[in-house]
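All remarks here apply to the structure that follows.
By convention in this document, chain letters (A, B, ...) are assigned in the order of the sequence lines, proteins followed by strands, and residues within each chain are numbered from 1.
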Amino acid sequence: MPDPQLVLAERVGDALVAAFGPEFTGTDPVIRPSQFADYQANVALPLAKRLRRPPRDVAAALVEHLDVADVCDEVEVSGPGFVNFRLSEGWIAGQAQGLLGDDRLGVPVAAKPQVIPVDYSAPNIAKEMHVGHLRTTVVGDALARTLEFRGHQVIRQNHIGDWGTMFGMLIEHLLDVGEESAEAGLLKSDPNAFYQAARNRFASDEEFAERSRRRVVALQSGDEATLELWQELVDLSKVYFNKVYAKLGVTLTDADLAGESMYNKWLSEVCDELEAKGIAVMSEGALCVFLDGFTGREGKPVPLIIRKSDGGYGYATTDLAAIRYRVRDLHADRIVYVIGTPQALHLKMVYETAHKAGWLPDDVRPVHVNIGNVLGTDGKILRTRAGSSIRLMELLDEAVARAREVVAETRPDLDEGTRAKIAEDVGIGAIKYADLSTAHDSEYTFSFDRMLALNGNTGPYLQYAAARIRSIFRKGGGAPSEATEPIVLGEPAERALALTLLGFGDAVRQVDELLEPHRLCAYLYELASAFTTFYESCPVLKAPDDATRDSRLALSALTLGVLVQGLALLGVRAPEEM
RNA sequence: GCGCCCAUAGCUCAGAGGACAGAGCGACAGACUUCUAAUCUGUUGGUCGCAGGUUCGAAUCCUGCUGGGCGCACCA
């Protein structure tokens, strides 16, 4: 077990029982990183009252029963009753050494692997993806990768918007322009253009509008020819989605598509069952679920409308069918919704309704990973100057273009193809990392300059650290996988780096439990900083002696491994050189 | 009107009820004949929106207030 916090927690836990009795089994020893030592245990202070002894006495008794000689070279009671631990260099080195032979790099497999459907991305057919989609796609993908690495069975659920009344006009427009036409081809590259054209005709051409309305009816009644046309629309849109996903380096494939249309066959059943159980009632012509505590304007109860007064179904019904499917058919233990913050109320109502209906048992936990808005530098939701939402592809292209400019300036020695590849990794990595490194629920301010900076908590900074390590090995360090010589810690920068390396497992575990990728980012940034400090003060290839050189090579190899693996969990590539 | 979220350095953001609230950017001062200076080191910078409360201890938990964002019946 390389994680110092876990080791200390166990030892302090044992000491608590030894010092104060078995009733203290399981007491949280409150181990925290310390500014006065490596770690500190804060447990003595809250215990003082319970034991009716001064906190310093409690801490002293704790230390007396503590067995950490193999781990620490200094333990002291400090301040009002903190217990400070200084880990021994030998122990840190030994643990780091152990990580060298561990392909999981200290990341434990989850104690209880779960089945976890992760609902993310969810673009709409015939619509451009915007920055909002970008963020749920990137965060969801990072969570999926991380949960999988922890040993959970992740089931990606791309809940695309592939159903609804707008398909009437989309199908009619597709028919009019022809399936093989250039206009139809817009669906693959610039879907908004196609959508707008259909919309304009719907608004201005009454004959077209009438056809569109009839088409919706045909679609909903399962007319074969109409369904084929609908499928054609979906297939064309898929090309666009996959283009974006490929550009982004996201793991979603066609196999993960689980769009709204998939639930059509269950919608009436869902309504009938809710009505039969007395959970849903008719109100103003619509079938609604009213839940306690959900009131809106003028104290009126807010309904979850599951069947509209025209007999159609909205997204509430689809979401209910989806949650039922995920529990009953996918056997979910935890359901992750990576969806915008404004949906919070809706999701709460869906959970509660599903729970009342018996579709969501107590031991299945739905979690809303709510995604905050992406803002422009003016503090408003990111839009173009004209006021329309910014096209995702343009955004990605601009990030890559900016990265290309920098690479052209700094690395004229590289050939064009290599530079292009680096610019791609850096530009895309910068955008993704920017989405991941701030708390998912906070609104964050989009800025190319900040996300592409080589300083601070950015993708390029982490990539640069990894590239420099790779450069060391290219320049004569052999292969990183062969750097397995004993790690010996002399310099403070070596010690700090090794200690940081031991924290990878805990960082990944936190992302699993809290579903907050920014914690992994913060850890990786800390690691990259620790490495850069080490890099400045501790020559590797020109180390004073062979043993030191080998040790530093091992530390570098380990750092590279953690950086690359950590970035991979976030879905960010680490280029060979920069 | 009701509900949810947010308020931390000039700016962008972290912050597991614990010691003196941390990074980066910016500003200022330094470091390349040395493994990538796209880097590093140091200095500067704060009534944690306001007022109460709980606690040995509050940026963190509770209440109220102010200011901002979002949601609140047939779009998803």
May I ask you to say what N455(A) touches in the nucleic acid, namely base, sugar-phosphate or nothing, with a heavy-atom cut-off under 4.0 Å? sugar-phosphate
Would you classify C538(A) as touching base, sugar-phosphate or nothing, given that sugar-phosphate means primed atoms plus P, OP1 and OP2, and contacts are heavy atoms under 4.0 Å? base
Just call it for G456(A): base, sugar-phosphate, or nothing, with non-hydrogen atoms closer than 4.0 Å on any strand. sugar-phosphate
Base, sugar-phosphate, or nothing for H346(A), non-hydrogen atoms under 4.0 angstrom? nothing
Does G52(B) have a Watson-Crick or wobble partner in any strand here, with both distances under 3.5 angstrom, and which is it? C62(B)
Tell me whether C32(B) sits syn or anti, counting syn as a glycosidic angle within 90° of 0. syn
Any base atoms under 4.0 Å from I305(A), or only sugar-phosphate, or nothing? Heavy atoms, all strands. base
Classify the nucleic acid contact of P342(A) as base, sugar-phosphate or nothing, counting any heavy atom under 4.0 Å across all strands shown. sugar-phosphate
Students often get this wrong, so: under 4.0 angstrom with heavy atoms, is G314(A) touching a base, only sugar-phosphate, or nothing? sugar-phosphate
Heavy-atom closest contact (E577(A) atom, T418(A) atom, distance): OE2-CG2, 4.4 Å
Checking all strands, does T165(A) fall into the base, sugar-phosphate, or nothing category for heavy-atom contacts under 4.0 angstrom? nothing
Tell me which nucleotide, if any, is Watson-Crick or G-U wobble paired with C70(B) when both distances must be under 3.5 Å. G3(B)
Could you work out which one of G71(B), C20(B), A16(B) sits closest to the side chain of R32(A)? A16(B)
By nearest nucleotide on RNA chain B, pick out whichever of A403(A) and H440(A) is the more 5' one. H440(A)
Between A19(B), A14(B), G18(B), which nucleotide has the shortest distance from any of its atoms to the side chain of S78(A)? A19(B)
Passing candidate, side-chain contact (heavy atoms from CB on, under 4.5 Å) with T353(A), options V270(A), I323(A), L320(A): L320(A)
Sort out the partner of C75(B) for me: Watson-Crick or G-U wobble, both distances under 3.5 Å, none otherwise. none
Hey, does V540(A) reach any base, or is it just sugar-phosphate, or nothing, if we go heavy atoms under 4.0 Å? base
Write down the partner of A31(B) under the Watson-Crick or G-U wobble criteria, each distance required to be under 3.5 Å. U39(B)
Using a 4.0 Å heavy-atom cut-off across all strands, classify P46(A) as base, sugar-phosphate, or nothing. base
With heavy atoms under 4.0 Å as the rule, sort S471(A) into base, sugar-phosphate or nothing. base
Testing the 3.5 Å rule here: is there a donor-acceptor pair between the side chains of Y263(A) and D319(A)? no
